[in-house]
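Here's the structure, in structure tokens; my notes come after.
Every value quoted in this text rests on a predicted model; they were computed, and no experiment measured them. Sequence lines set the chain letters: A, B, ... in the order given, protein chains first and strands last, and positions in each chain run from 1.
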Number of protein chains: 2
Amino acid sequence: MAHASKQHWVGCPVRYAAGVFGDKWSFILLRDMLLHGKRYYGDFLASEEKISTNILADRLAKMVETGMFTRHIDPEKRSKVFYLPTAKARGLLPAFLAMMVWSTEYDEATEAPESFAKAFRDDPKASIHWYEQQIDRVNAGLPA
Amino acid sequence: MAHASKQHWVGCPVRYAAGVFGDKWSFILLRDMLLHGKRYYGDFLASEEKISTNILADRLAKMVETGMFTRHIDPEKRSKVFYLPTAKARGLLPAFLAMMVWSTEYDEATEAPESFAKAFRDDPKASIHWYEQQIDRVNAGLPA
DNA sequence: CTCCATACTTGCAAAACGCAAGTGAATGGT
DNA sequence: ACCATTCACTTGCGTTTTGCAAGTATGGAG
């Protein structure tokens, strides 16, 4: 059977994921990076959840450590810093979008339109590809 | 376009999810409930991550509050308590499995066999259905 | 050289966590 | 009926993490 020996190993992927982004602020940063096109320190700081600067610095550093983001100095204005998502971070898109569909189902106060969940359910791969392209588009507008 | 007006609303589903299970111990409890067939307080306590009893009690209560688990007294031994996953918790399976596939890709030390990721990638719906059935099977073995 | 913007650091109080011990209800054995 | 045990939490307390406010370091404009 394809799913044999199910019991023990499944724990670890969950624990690994929890270790990399298993806290509220990491969720928010990943959202801002993957879905909101935020790249600069100042962009992340300006999110409506009002993250404080020490936590932001800490989480950004952790994201870099865990290979989710890379850190870059803006060559056009060297006092500014931006971050880019790695393939590892982008690889979370399917899970993230699935999670968001779940939220739209169970959060009575969701602000997401039904069209989002419908699009993902109808054709997850197309939906994921669309978000990938958005990420590429944002990145293309940044300094080399 | 199906994905129009993308910017603002996507934030909220992520924040909602973070609020419900956005911490390490909630990840672990959901794993144990959805994938390891654990139902009793003592089962969760015995996980290899060594959760302490106050945190376990706190998280279980929160899961009940947020409608993820329901709490039941074992009629056959009324000093024992078990929890059952609601449809809301079960609805997280697709996101959880997608997340686990991601972990198997990026965690060098993953213990998950490649067959797991392959099965999910080949046919996600079938894979999800298989885990749903496992959940039903476990639940069927519990007192009414 | 001064001023401003930007990206962090630092200090400190408050909250969350984690360990160990304690409590109370339900069983089980005699 | 009595007592020890199991089970599911609670409580206390020291440690760690968080969050707010203020400070610092570097870069760039004038």
In plain terms, say whether [X] and [Y] are close enough for a salt bridge, that is, a side-chain N and a carboxylate O under 4.0 Å apart.
| X | Y | answer |
| --- | --- | --- |
| R121(A) | E114(A) | yes |
| R15(B) | E48(A) | yes |
| D43(A) | R39(A) | no |
| R31(B) | E49(B) | yes |

Parallel, tilted or perpendicular, as decided by the 30° and 60° cut-offs, for the rings of [Y] and [X]:
| X | Y | value |
| --- | --- | --- |
| F69(A) | Y83(A) | tilted |
| F82(B) | H72(B) | parallel |
| F21(A) | W102(B) | perpendicular |

By salt bridge (charged side-chain N to carboxylate O under 4.0 Å, His left out) - contacts of D107(A) (at least two apart): none

Sequence-distant partners of D136(B), salt bridge (charged side-chain N to carboxylate O under 4.0 Å, His left out), two or more places apart: R90(B)

D74(B) vs D43(A), nearer the 5' end of DNA chain C by closest nucleotide: D43(A)

Degree of bending, the helix from dC1(C)-dG30(D) to dT30(C)-dA1(D) (end axes from five pairs; round to 10°): 20°

K77(A) or G42(B), whichever maps to the more 5' nucleotide of DNA chain D: G42(B)

Sugar-phosphate, base or nothing in reach of Y83(A), heavy atoms under 4.0 Å: sugar-phosphate

Residue pair H129(B) / S127(B), side-chain donor-acceptor N/O under 3.5 Å: no

Outermost DNA chain D nucleotides near chain B [under 4.0 Å, heavy atoms]: dC7(D) to dG12(D)

Nearest atoms (heavy-atom pairs only) where A95(B) meets M99(A): CB-N, 3.5 Å

Any residue of residues 51-64 of chain A with a heavy atom less than 4.0 Å from an atom of DNA chain C: T53(A), N54(A), A57(A)

T86(A) side chain to M68(A) backbone, donor-acceptor under 3.5 Å: yes

Short side-chain to backbone donor-acceptor contact, Y106(B) and A87(A), under 3.5 Å: yes

Boundaries of the DNA chain C segment in contact with chain A, non-hydrogen, under 4.0 Å: dT6(C) to dG11(C)

